[in-house]
Amino acid sequence: MKEPCFKAYIFYNQPMSLVNRPRILIPLAAYNTLLPPKYGVNQSYVRAITNNGGEAVCVIRPDAEQMLGLLPFMRGIFIVGGHDIDPEYYGEKSNAHLQNIDRERDQVELTLVHLAVKNHIPFLGICRGMQIMNVAMGGSLYQDIRSEMPGAIEHRYNKDAGGKDLSRSFLAHDVSIKSGTLLYKLIECDKIAVNSLHHQGVKTPGKGLISSAFAPDGLIEAVELPEHPFALGVEWHPEELPDEASQKIFSAFIRAAIG
């Protein structure tokens, strides 16, 4: 089969002769406010894939034709965290709390979710990735949890009370996991402590999605798509956490990608 033409960076942590691990596609974020503008991804996302048996294929904004040519060579799709999603995609107007909208990234990732669902490709979404998953399935978001959700706790734990940066592994609150869900089955626990680095969240779940974890204030912290090989979104950042529950998420994703 002829290799497709696409722009990508492939990160391997094994010698090329040993690379028989499932390729996981990660669409790159753009950092347009930097000089010069850059594309990139946090190393923790790549390590989470490679340390659990996969190979990360980080792709620069493929168009629809390139994506269709690329997907036959991929075994999974990983949509990572980042900035806010344009509310136009879920039928709302922007409010004053939105930050750093990137419609090109939105469109690429929404298309990838649609293709993953249609073609039964395992996929994992983290933070923004979970939100993209929800919007792709017809759901809506809180554009800003603090101002829109009555009784909400703090969900953006990136600074302490004195304004000092917190570690991305800082455990902010517990999440309760619903029994019988994919997340419950792979973690084998009904409550875990998580980090929290977001100000948007799921308001209305998308069609076909079930909510599988909840914050103490009732905010949905995980969604999944039953009857799919592996379709899971979590609102926290397990790639930053060393605990067993976090590693189980990635190892289960890679096992699903292997098939």
Side-chain angles (χ1 to χ4, degrees), residues 1-31 38-82 105 108-130 132-133 168 182-183 186-187 224-225 228-234 236-259:
M1 182 180 294
K2 183 179 179 181
E3 291 282 343
C5 179
F6 59 90
K7 299 176 181 178
Y9 299 114
I10 303 177
F11 299 95
Y12 291 114
N13 72 341
Q14 297 284 343
M16 290 296 291
S17 61
L18 300 180
V19 174
N20 56 1
R21 295 141 62 98
R23 294 175 180 173
I24 306 300
L25 186 151
I26 306 176
L28 291 177
Y31 298 94
K38 293 178 172 63
Y39 290 106
V41 63
N42 291 353
Q43 292 181 14
S44 55
Y45 292 121
V46 175
R47 285 196 297 267
I49 295 300
T50 58
N51 289 347
N52 284 282
E55 291 298 335
V57 180
C58 300
V59 182
I60 302 171
R61 304 298 170 88
D63 59 26
E65 182 179 355
Q66 289 173 326
M67 277 190 274
L68 288 172
L70 178 59
L71 286 181
F73 298 90
M74 301 296 112
R75 300 297 298 272
I77 295 171
F78 183 23
I79 300 180
V80 303
R105 181 182 182 187
V108 166
E109 294 179 351
L110 290 167
T111 300
L112 283 170
V113 173
H114 291 148
L115 289 171
V117 172
K118 180 180 178 180
N119 295 289
H120 306 288
I121 302 169
F123 69 98
L124 173 65
I126 286 181
C127 198
R128 170 195 160 91
M130 168 183 157
I132 279 284
M133 178 179 173
R168 289 176 64 83
L182 169 65
L183 186 61
L186 65 92
I187 290 182
E224 52 194 64
L225 187 64
H228 188 280
F230 189 99
L232 175 66
V234 299
W236 64 95
H237 284 265
E239 81 283 0
E240 300 285 356
L241 301 176
D243 61 290
E244 183 179 5
S246 298
Q247 300 312 307
K248 284 181 176 179
I249 291 173
F250 290 103
S251 61
F253 174 46
I254 298 302
R255 286 198 305 272
I258 293 171

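Note that the structure is a prediction, hence the values are computed from the model and not measured.
Rounded to the nearest 0.5 angstrom, C58 SG and L28 CG are separated by 5.5 Å. Note: K248 NZ to L186 CG = 8.0 Å, rounded to the nearest 0.5 Å. With values rounded to the nearest 0.5 angstrom, R23 atom CZ is found 9.0 Å from L70 atom CG. Once rounded to the nearest 0.5 Å, the distance linking CG of L124 with CD of E239 reads 9.5 Å. Going from atom CD1 of I60 over to atom CD of Q66 covers 10.5 Å, rounded to the nearest 0.5 Å. To the nearest 0.5 Å, atoms CG (L25) and CD1 (I121) are separated by 9.0 Å.
In terms of modelled atom types and a separation under 3.5 Å, the side chain of Y45 and the main chain of I126 share no donor-acceptor contact. No side-chain donor-acceptor contact under 3.5 Å links E240 to the backbone of R168.
The shortest distance between side-chain heavy atoms of V59 and I26 does not fall below 4.5 Å. In this structure, V108 and P27 have side chains that are in contact, with non-hydrogen atoms separated by less than 4.5 Å. Between M133 and F123 there is a side-chain heavy-atom pair separated by less than 4.5 Å. Counting heavy atoms from C-beta on, the side chains of I49 and E55 never come closer than 4.5 Å.
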Using atom types as modelled, flag every donor-acceptor pair under 3.5 Å from a side chain in residues 72-80 to any protein atom, sequence neighbours excluded.
| unit_1 | atom_1 | unit_2 | atom_2 | d |
| --- | --- | --- | --- | --- |
| R75 | NE | A257 | O | 3.1 |
| R75 | NH2 | A257 | O | 3.0 |
| R75 | NH2 | I258 | O | 2.5 |

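Residue pairs meeting the salt bridge (charged side-chain N to carboxylate O under 4.0 Å, His left out) criterion with at least one partner in residues 39-48, sequence neighbours excluded, do not occur; the list is empty. The list of side-chain hydrogen bond (donor to acceptor under 3.5 Å, both in side chains) pairs with a residue in residues 111-125, not counting sequence neighbours, reads Q107-T111.
Nearest heavy atoms, C127 versus G81: CB-CA, 4.2 Å. What you find for F230 and I249 is that their closest heavy atoms are CZ-O, 4.1 Å. Across every non-hydrogen atom of A256 and P229, the tightest pair is CB-O, 4.2 Å.
Just one of I24, L232, N52 meets the side-chain contact (heavy atoms from CB on, under 4.5 Å) condition when paired with F253; it is I24.
For R255, the side-chain contact (heavy atoms from CB on, under 4.5 Å) partners are S251, A252, not counting sequence neighbours. Taking the side-chain hydrogen bond (donor to acceptor under 3.5 Å, both in side chains) definition, one finds that D243 meets it with S246, sequence neighbours left out. Remark: E65 pairs with no residue by the salt bridge (charged side-chain N to carboxylate O under 4.0 Å, His left out) rule, at least two apart or across chains. Under the salt bridge (charged side-chain N to carboxylate O under 4.0 Å, His left out) criterion, E109 pairs with R105, R128, sequence neighbours left out.
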